[in-house]
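Heads up: the structure comes next, in structure tokens.
Reckoned from all heavy atoms, side chains included, excluding hydrogens, waters and symmetry mates. Bear in mind the structure is a predicted one, so any value in this text is a computation, not a measurement.
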Amino acid sequence: MNEMYEMSQSIHIYSVVALIVILLFMMAMHKVKGDFGKFVRNIKILMVFHLSLLGFVVLTGTVMMAAKHLSMTPANLLMIVSVFIVLTLQIKRTRALSRVIKYKLMEEDAYKKLGFKYQSIELFLLMGVGAFSGMASAVSF
């Protein structure tokens, strides 16, 4: 059981780091001027990786919680809440993108600003949760 927990913890940490790297790359793409069609194609591809990595994070977190017999620490509760916030932001960003592509209800630059805002909130949240959980494991709540 210990080996499974340690492997899940390693995959969990690497998935979070990869998720942060993808977020930084997507944020950089929001700041680059250029063809919006190419931007949309690249963002859609990166969204697949983003959601896959988020799935890895949730799966490995669930395995670790099951291995620890569902111990609800403040760090675990914060991680669970942050996943729901990240998913909500992802849904809002995807809806805004469909407003731009299908319905032309939003300007392209307005979407880029909104997407950058949502992703910066997501990045801040992931970094904050990582810092809090690192502190929590150091003092072992």
Run the side-chain contact (heavy atoms from CB on, under 4.5 Å) check on I85 and V81 step by step: do they pass?
-> CA-CA 6 Å; I85 294 171; V81 168; 3.9 Å; yes

side-chain contact (heavy atoms from CB on, under 4.5 Å) between R93 and M26, worked out = CA-CA 12 Å; R93 196 167 55 87; M26 290 171 81; 3.3 Å; yes

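In this structure, the side chains of M65 and I80 come closer than 4.5 Å at one or more pairs of heavy atoms.
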Taking distance alone, no hydrogens or angles, what donor-acceptor pairs closer than 3.5 Å link side-chain atoms of residues 35-44 to residues at least two apart or in another chain?
from : atom 1 : to  : atom 2 : distance (Å)
D35  : OD2    : K38 : N      : 3.4
N42  : ND2    : K38 : O      : 3.3

Contacts table for residues 100-114: side-chain donor-acceptor under 3.5 angstrom, sequence neighbours left out:
from : atom 1 : to  : atom 2 : distance (Å)
K112 : NZ     : V32 : O      : 3.0

Can you list, pair by pair, the side-chain donor-acceptor contacts under 3.5 Å of residues 118-128, counting residues two or more places apart and other chains?
from : atom 1 : to   : atom 2 : distance (Å)
Q119 : OE1    : H30  : ND1    : 3.2
S120 : OG     : F116 : O      : 3.0
S120 : OG     : K117 : O      : 2.8
E122 : OE2    : H50  : NE2    : 2.4

Please output the side-chain donor-acceptor pairs of residues 17-25 that fall under 3.5 Å, not counting sequence neighbours, one pair per line with the distance.
none

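Shortest non-hydrogen contact noted between A67 and Y5 is CB-CD1, 3.9 Å. In terms of heavy atoms, G61 sits closest to H12 at N-ND1, 3.6 Å. Nearest heavy atom pair, residue S15 against residue F56, reads OG-CB, 3.4 Å.
Cluster annotation: L46 and L89 are assigned to the same hydrophobic cluster (Ile/Leu/Val/Met/Phe/Trp/Tyr, side-chain heavy-atom contacts under 4.5 Å, transitive). One hydrophobic cluster holds both V57 and M47 under the rule that ILVMFWY side chains link at heavy-atom gaps under 4.5 Å.
In this structure, the separation between CD1 on I13 and OG on S8 is 11.0 Å, given to the nearest 0.5 Å.
Connectivity analysis of hydrophobic side chains (ILVMFWY, heavy atoms under 4.5 Å, direct or indirect) links M7 to I11. Within the hydrophobic cluster formed by Ile, Leu, Val, Met, Phe, Trp and Tyr side chains joined at under 4.5 Å, directly or through other members, Y14 stands alone, with no partner residue.
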